[in-house]
Protein chains: 2
Amino acid sequence: MSDKIIKLKDIARILSVSESTVSRALRDHPRISQATREKVKTLAEQLDYMPNQVARNLQNRHMNAIGVVVPKLSYYLYAQAISGMEEVAEQLGYNIIICQTNESAEREQAIVQDLLSTRIAGFIISLSSATVDFEHFAKIKRRKVPLVFFNRECEDIHTDRVIIDNFGVAQKAVEHLIERGCKRIAYFGGPAEVQISNRRLEGYRAALTTHQFPLIPAYMVHTEFNSKSAYQAADRLLRLPQPPDAILAFSDQFAYTLYQRARELGIDIPNTLSLIGFNNEPATALLQPALSTVDQPAYAMGKTAAEILFQQIQRPNDYYRAQTKVLQSSLVLRGSTRRS
Amino acid sequence: MSDKIIKLKDIARILSVSESTVSRALRDHPRISQATREKVKTLAEQLDYMPNQVARNLQNRHMNAIGVVVPKLSYYLYAQAISGMEEVAEQLGYNIIICQTNESAEREQAIVQDLLSTRIAGFIISLSSATVDFEHFAKIKRRKVPLVFFNRECEDIHTDRVIIDNFGVAQKAVEHLIERGCKRIAYFGGPAEVQISNRRLEGYRAALTTHQFPLIPAYMVHTEFNSKSAYQAADRLLRLPQPPDAILAFSDQFAYTLYQRARELGIDIPNTLSLIGFNNEPATALLQPALSTVDQPAYAMGKTAAEILFQQIQRPNDYYRAQTKVLQSSLVLRGSTRRS
DNA sequence: TTGTACGCGTTATCAT
DNA sequence: ATGATAACGCGTACAA
C-alpha cells in the first residue's frame, strides 16, 4: 500500500486511456464499453482510488452537503431530529454540517454566511431565540439556495417549513387540565421572542377563554433558556399569593425545575399542583410522579424537513409553492396530572 | 441586489485589475497597496461577494472542515463533547461534519471512506460498540490524515487520544460503596466489546480484589445499548437468589432502567440497593432518591480533542509522538448510595 | 466507444 | 505593487 494519493490521471496513465474514459468508467456512464469499465474499476479498487469530492463539487457548483443550523444539540428534540435528517441524507450521498447557534443571533448570521461561502447544497434551520432580524435568511433565498425551516420558523420568509401544531396541542393540554378540575392554570414559557412558545401561549389562552376562565397575567410566565432564570421564575410563580394549581411548561427541562422548586416548597404533585411538560424526554417517565408531557415527532420532523429540502435541491428551477407541513404531536398522560 | 453570484473575475473586471490583485487584496496579502486593497474590499462588500470555499479548498488540498464520528448524538456525552469541539473549530474557521454510526461497524467504515473522499482536514472519532476491525482507521493514518480518538478509542492505532480514567474512577466508586458497607456489589456494563466498559469492569475488579471481596460472575453483567436488553439484564440481576446490594452502572441510562425494575420489584433504594451511574445527566438530580453518578468532563474532552487535532493539522509534517490525554472525572454522591 | 479541450473559482509562481 | 499563467482534480461538451 503506497501512501501517495491516487488520482484519475494516474489510472489513465497506467491503462493508457484518457482521463475522461476513466471518469466515465467509474461513474457507470452509459457510453463506455463493458471491458474498459471493468478494467478501470479493478485497477481503481487495487490502488484504493478515492474520487476527490472537492474537485467534483467545484464544478457541480455546490457541495454534497447540507447545513443544519440549530440552537443547541443538547436539546433532546434536535438530536432526534438530526437523526431523521441523516437517514435521508445518507441515502442520497450527502453529508450534514451541523452548527449550533447557542441561541445567539450573531452566531446564526455568521454561520449562515460561512455556509453560503462553503457553497452548501441547502439549509435546514431552526431559529435561535434571539433572532429578530431576518436579512441572512433573505440572502439565502436571494441566492436561490434551498431552505427549510423546522420547529422554530420565521414567518417573514417565503419558504418550506415543518412544524408541529403548537397552538392545538397546548390548547388540548390545557383543556385536559380543565377537565380534571384544575382552576388556576399557568403557562410557563420560553423567551418572549420565541414563536413556538408564543403559539403555545395562544393555545393556552384559547382554551381558557373557551371555558370562560379569566386570563391572569401573573400566570403567563416568560423565562430564558437557562436553569437559573427558570428557577427564579418558578420560585416567583409558585409563591404567588394565589399560586396555580396546574402548570403547562414549555419544555420538560422547565418542568424539571418546577418539580424541584415545588418539592422544596413542600407542594404536592399532583394533588395540589398538576404539571405537563413538552418533549417526552426519557427521564420524564422515571420521575415520581411520572411527568405528563407532550410527545413531539422530532425524528419525523427532521426526516420530513430533509425530504422537502432534497426536493428543492433536485429540481432547482421548479417554480414551487412553499409548503408548510404540520406534524401531529400527542399528549402523554402520567402521574403528574391529577386524576379527577 | 442582483441574484447573480459574484466572483473574483467580476470584481477584477469592474476595477480593471487582475484577478490576482483582487485575491491578494481580499486576503490582506502583504504585497498590495493600501489604496487598491481598500478599493477592492469596498466593492466586494457592495456586491456582497463571498469567496467560493470549494475552489479554495481544491488547491488547499483539503476542506476547511473536520469530521466527527460518534456512536449517537443523543448520548448526552457526545452532544456535550461536540460543543467543546465547535468552540475550537469556530475560531479557526473550520466547520464540523458530524456523523453518527448508530453503533454499527459497517456504517462507521462507510462514513470514514466518505469523509476521506470529501478530503476532510481531520477526524475526531469515538468507536462504535461493534467495531472489531480497524482497517479503516489504518487507512486514515496511511493517508496521513490527522486523527484523534476520544472517549472510546482503539489501542491498535498509533495516534492521539483523549480519554478519562475509566479504570480509576470505577475503582474509586466501588471503594466508596465498600466503605459504606455494601457487601454484594455488581457491575452493570455495556457490550463485551466496548473498551471503556471493560476498563470500568477492571477498576471494579481491582477494588474488590484489594478489599478481598469475591469476584462473582453473575455480578458482572454485559448488556446491549438498548432499553429492552438493559431491562432484561436488570431483571435477571435483581432477581438473583443472592441479589446485589449495590450496583455500579455503565451509564445513567442503565441506572434509570435499574431504578425502574427495582421499583417494580419493591426493592428500596438506597436501603437495600445502592446505585451509581455514569455521566451526570441533568435528570439524575431529580430522581428520588437522586442518583449518585460519575461526572465526566465531556465538554473538556471535546475541546481537548479538537485542540490536539488542530495541532496535527497545522504542522502536518512534524514528527510527533502520539499523546494520550487523560482527563479527570469525579464521583458525585447523592441519595442513591446509602449513608453508612 | 473514446479522446481533446476547456471550464469550475481560486491561489501560487514567476515575471514585470 | 501588479499581471499573466499554470495549477488544484475532475466532468462535459464536442469532435473523432
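Heavy-atom basis, side chains included; hydrogens, waters and symmetry copies ignored. Quick note on labels: first sequence line is chain A, next is B, and so on, each numbered from 1.
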Check whether any side-chain nitrogen or oxygen of A:Thr36 sits under 4.0 Å from OP1 or OP2 of C:dT1, and answer yes or no.
no

Ion pair B:Glu19/B:Lys9, N-O distance below 4.0 Å
no

How is B:Val17 classified with respect to the nucleic acid when contacts are heavy atoms under 4.0 Å: base, sugar-phosphate, or nothing?
sugar-phosphate

State whether A:Arg107 and B:Glu90 are salt-bridged, where the test is any N-O pair (Lys NZ or Arg NE/NH1/NH2 against Asp/Glu carboxylate O) under 4.0 Å.
yes

Could you tell me the separation between the CD1 atom of B:Ile32 and the C1' atom of D:dG3, rounded to a whole number of Å?
11 Å

Check ion pair B:Lys325-B:Asp160 (N to O, under 4.0 angstrom)
no

Return the set of residues passing side chain to side chain contact (heavy atoms under 4.5 Å, CB included) with A:Glu155 (not counting sequence neighbours), or none when no residue passes.
A:Glu153, A:Gln195, A:Arg199

Side chain to side chain contact (heavy atoms under 4.5 Å, CB included) with B:Pro297: which residues, sequence neighbours excluded?
B:Ile164, B:Ala300, B:Leu327, B:Ser329

Between atom CZ in B:Arg13 and atom P in C:dG9, what is the gap in whole Å?
12 Å

Side-chain touch A:Leu8/A:Leu26, heavy atoms, less than 4.5 angstrom
yes

N or O in side chain of B:Ser18 less than 4.0 angstrom from D:dG3 OP1/OP2:
yes

Nearest-Å distance, CG (B:Leu15) to P (D:dT2)?
12 Å

For A:Asn57 and C:dT10, give me the distance from atom CG to atom P, rounded to whole Å.
15 Å

Classify every nucleotide of nucleotides 6-16 of chain D by which part a protein heavy atom approaches to under 4.0 Å, writing B for the base, S for the sugar-phosphate alone and - for neither, in 5'-to-3' order.
--BBBSBB---

